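Reviewing the structure listed below.
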Amino acid sequence: MADTITIRSDSETEHALEVLTHDGSSRSAAIRQAVLEAALRKERAAAMRRAVLRMPLGEPDGIDIAAEITHSREDER
């Protein structure tokens, strides 16, 4: 059994609903679709973050960036 959800809309939300229902979709159908698509985007973004965090970083190249910056700034003085 489906639950009923009530939202308070503002002018921006009303405009978005007008855009989403321009094709004749009901407000309820448009809201359901928007919620499902938003959840899918969040799940995909979380999966991408996890994939990036699992990527191997490789071996250090032996370059000390902090030392390089310090050395270059000493030359500027």
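Please read all numbers here as calculations on a predicted model, not as lab measurements. Numbering of residues begins at 1 and proceeds along the displayed sequence.
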- Message: Taking side-chain hydrogen bond (donor to acceptor under 3.5 Å, both in side chains) as the definition, give me every residue that meets it alongside Glu37, ordered by chain and number, with sequence neighbours left out.
- Response: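 side-chain hydrogen bond (donor to acceptor under 3.5 Å, both in side chains) check on Glu37 returns Gln33.
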- Item | Apart from Ile63 itself, residues in the same hydrophobic cluster as defined by side-chain heavy atoms under 4.5 Å |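 Other cluster members: Ile65, Ile69.
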- Does a sphere of radius 6.0 Å around CG in Leu36 hold more than 12 heavy atoms from other residues, nucleotides or ligands, not counting ones at 6.0 Å or beyond? yes
- Message: Could you go through Glu14 and Arg27, starting from their C-alpha distance and side-chain angles, then the distance that decides it, and tell me whether this counts as salt bridge (Lys or Arg N to Asp or Glu O under 4.0 Å)?
- Response: CA-CA 10 Å; Glu14 287 298 322; Arg27 289 168 64 100; 3.1 Å; yes
- Nearest 0.5 Å, what's the CZ-CD1 distance between Arg32 and Ile5? 10.0 Å
- Any donor-acceptor pair under 3.5 Å from Ser25 side chain to Thr21 backbone: no
- Task: Run the numbers on Leu20 and Ile31 for side-chain contact (heavy atoms from CB on, under 4.5 Å), then give the verdict.
- Result: CA-CA 8 Å; Leu20 293 173; Ile31 292 168; over 6 Å; no
- Task: Begin with the C-alpha distance, continue with both residues' side-chain angles, and end with the deciding distance and a verdict on side-chain contact (heavy atoms from CB on, under 4.5 Å) for His15 and Val19.
- Result: CA-CA 6 Å; His15 174 71; Val19 170; 3.7 Å; yes
- Query: For residues 42-53, which residue pairs qualify under side-chain hydrogen bond (donor to acceptor under 3.5 Å, both in side chains), counting only residues two or more places apart or in two chains?
  - Reply: none
